[in-house]
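I have placed the structure first, in the form of structure tokens, so that the comments after it can refer back to it.
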Number of protein chains: 2
Amino acid sequence: MSRAAAAESGTRNRTRRAILDAAATALYRNRKAPLADIAAAADVGRSTLHRYFPDREELVSAVIADALQRLSSSVEEARVDEGPPREAMRRLIAAMVASGDGLLFLLHDPNIFEGLDANGEPCGADAEDPDHDLPVLDLIERGQAAGVFDPEVSTAWVLSVLWGLVYTGCEAANEGTLARHAVAATVIRTFENGVAVT
Amino acid sequence: MSRAAAAESGTRNRTRRAILDAAATALYRNRKAPLADIAAAADVGRSTLHRYFPDREELVSAVIADALQRLSSSVEEARVDEGPPREAMRRLIAAMVASGDGLLFLLHDPNIFEGLDANGEPCGADAEDPDHDLPVLDLIERGQAAGVFDPEVSTAWVLSVLWGLVYTGCEAANEGTLARHAVAATVIRTFENGVAVT
DNA sequence: CCAACGTGGGACACCGATGTTCCAAAAATA
DNA sequence: TATTTTTGGAACATCGGTGTCCCACGTTGG
């Protein structure tokens, strides 16, 4: 028996992961997917799922936290605050795309952040979750100031477009419309230049 | 009693509309919103709602059909097959944006078309629903051929980006991030030129 | 080989959503 | 105003998802 909650090591971590992944996929398809389905998808007894996550609420919180975790570590290693804005943005997009499925789940439901924070704790409606977007907003602003990003539109809009395009790219890959390896490049291309030729 | 189903005229049409609209909004927020909530939102007794749409299934089918209806009539009057591609695309985007909330509901759930066709009738998995996108795909192809749209990416990708950006725009307007009247122009600008300056 | 751990599945009570029926009140129409 | 249409709400049975408990089986590791 260890003391820290961090290292539940052994079989447990694996099943936990399996459940988390299955839940992310299932919940992406249907936000209200029955726990039974999730358990089945994870190849785990409904009982076991319940043993790891007593509540449905605890499960979704964990899934959100997990996805958020992956994402923000991806973003962090993109070092958005370093180097020229355009390159930084390209690194960021690549990192986001690489986060893959968790992202789809996260962005699929606009209401996902309402009433929850990254840890699954309920939070006041005033807390928007600026933590994750702030460095990105900085990057966008920096880019606009440097004359590489369109200064005629708001940073918030650029941010929305960023998320939207990344989402579209991941979705296209999931549907087989776009090859996995081409996603990042395509998203970057469209993000920077749109679809019209000069 | 009239014979035609088309003209149920009178009070009925109004309540029907109210229910349909309320349902579109409620279902956009939560695909599994309780009928009671929808009825309440429509300012209608749960009983009445049930009188118009016996099944939940019939309700969502009707909402989908309705949204699809609005959208395709909007698109139709954009005359995408006439005039230079760039202008046609601009008209199309404006028309889509104008369709507004129904669109959000439609695009929110990627699985919405699975197992249903425009009339709410179940249909084989092979029927993809090309009816609505086909003229748009034609437009894109036409634009690529004419050298106004990026020929380096697939038409399917351009289509995805189009839907995605329109969705992002509508969502931004809904959240108040972007002024209603600015949505179309902003979407068009970004769609054509991306967010980078040449 | 034996114990502890982890698991699956059945049985159960509970609750919210759904769909049905009926009736009295409100609204539209003549 | 009289009549028909339309509505809202209560009561009810049903169903599926949820959460809990318990026990037998398989797996892991000493």
Side-chain angles (χ1 to χ4, degrees), chain A residues 1-64 109 111 115-116 120 122, chain B residues 1-64 109 111 115-116 120 122:
Chain A
M1 309 306 150
S2 63
R3 35 180 52 262
E8 276 278 8
S9 74
T11 312
R12 293 190 89 98
N13 277 344
R14 274 189 293 273
T15 47
R16 186 185 161 87
R17 269 258 62 83
I19 295 177
L20 244 30
D21 291 345
T25 307
L27 292 177
Y28 158 63
R29 281 201 284 262
N30 173 10
R31 193 67 213 291
K32 296 269 169 74
L35 295 185
D37 291 9
I38 297 178
D43 209 26
V44 159
R46 191 169 74 92
S47 187
T48 303
L49 184 153
H50 229 284
R51 200 169 284 128
Y52 281 77
F53 308 95
D55 273 357
R56 161 177 263 273
E57 194 184 339
E58 285 206 40
L59 175 61
V60 308
S61 295
V63 175
I64 293 176
D109 189 348
N111 309 328
L116 291 177
Chain B
M1 308 305 156
S2 62
R3 38 181 49 266
E8 276 278 9
S9 75
T11 312
R12 295 190 88 95
N13 277 345
R14 275 190 294 273
T15 48
R16 186 186 160 86
R17 269 257 62 82
I19 295 177
L20 244 29
D21 291 345
T25 307
L27 292 177
Y28 158 61
R29 282 201 282 263
N30 172 11
R31 193 66 213 290
K32 296 269 171 75
L35 294 185
D37 291 9
I38 297 177
D43 210 27
V44 158
R46 192 169 73 92
S47 184
T48 303
L49 185 154
H50 232 289
R51 201 169 283 127
Y52 282 76
F53 308 95
D55 272 358
R56 162 177 262 272
E57 195 185 338
E58 284 206 39
L59 175 61
V60 309
S61 294
V63 174
I64 293 177
D109 188 349
N111 311 326
L116 293 176

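Because the structure is a prediction, the values reported are computed rather than measured. Lettering follows sequence order; numbering is per chain, from 1.
For the pair Y52(A) and dT7(C), the criterion of a side-chain N or O lying under 4.0 Å from OP1 or OP2 is met. When the side-chain nitrogen and oxygen atoms of S47(B) are compared with OP1 and OP2 of dT20(C), none of them lie within a distance under 4.0 Å. Neither OP1 nor OP2 of dT6(D) sits under 4.0 Å from any side-chain N or O of T48(B). At dT6(D), one or more side-chain N or O atoms of R12(B) fall inside 4.0 Å of OP1 or OP2 (strictly under the cut-off).
The interatomic distance linking R14(A) (CZ) with dT7(C) (C1') rounds to 14 Å, in whole Å. For the pair F53(A) CZ and dT20(D) C1', the computed distance is 18 Å after rounding to whole Å. Note: CG (L49(B)) to P (dT6(D)) measures 16 Å, nearest angstrom. L59(A) has its CG atom 13 Å from the C1' atom of dT18(D), to the nearest Å. When rounded to the nearest whole Å, the span between CG of D43(B) and P of dG8(D) equals 8 Å. The nearest whole Å value for the distance from the CG atom in L35(B) to the P atom in dT14(D) is 20 Å. Between the C1' atom of dG6(C) and the CD1 atom of I19(A) lies a distance of 12 Å, rounded to the nearest Å. As a whole-Å value, the separation of R56(B) CZ from dT20(C) P is 14 Å.
Annotation: the span from D37(A) atom CG to R46(A) atom CZ amounts to 11.0 Å, rounded to 0.5 Å. The CZ atom of R16(A) sits 11.0 Å away from atom CG of D21(A), with the distance rounded to the nearest 0.5 Å.
Listed candidates were dG19(C), dA11(C), dG17(D). Nearest to the side chain of R46(A) is dA11(C).
Side-chain contact check for V63(B) versus Y28(B): every heavy-atom pair is 4.5 Å or farther apart.
Side chain R51(B) to base dG19(C): no donor-acceptor pair is found below 3.5 Å.
Distance alone, capped at 3.5 Å, is enough to place a donor-acceptor pair between the S61(A) side chain and the E57(A) backbone.
Both V44(B) and H50(A) lie near DNA chain D, and the one whose nearest nucleotide falls closer to the 5' end is V44(B).
Remark: D43(A) CG is loosely packed, at most 12 non-hydrogen atoms of other residues, nucleotides or ligands lying under 6.0 Å away.
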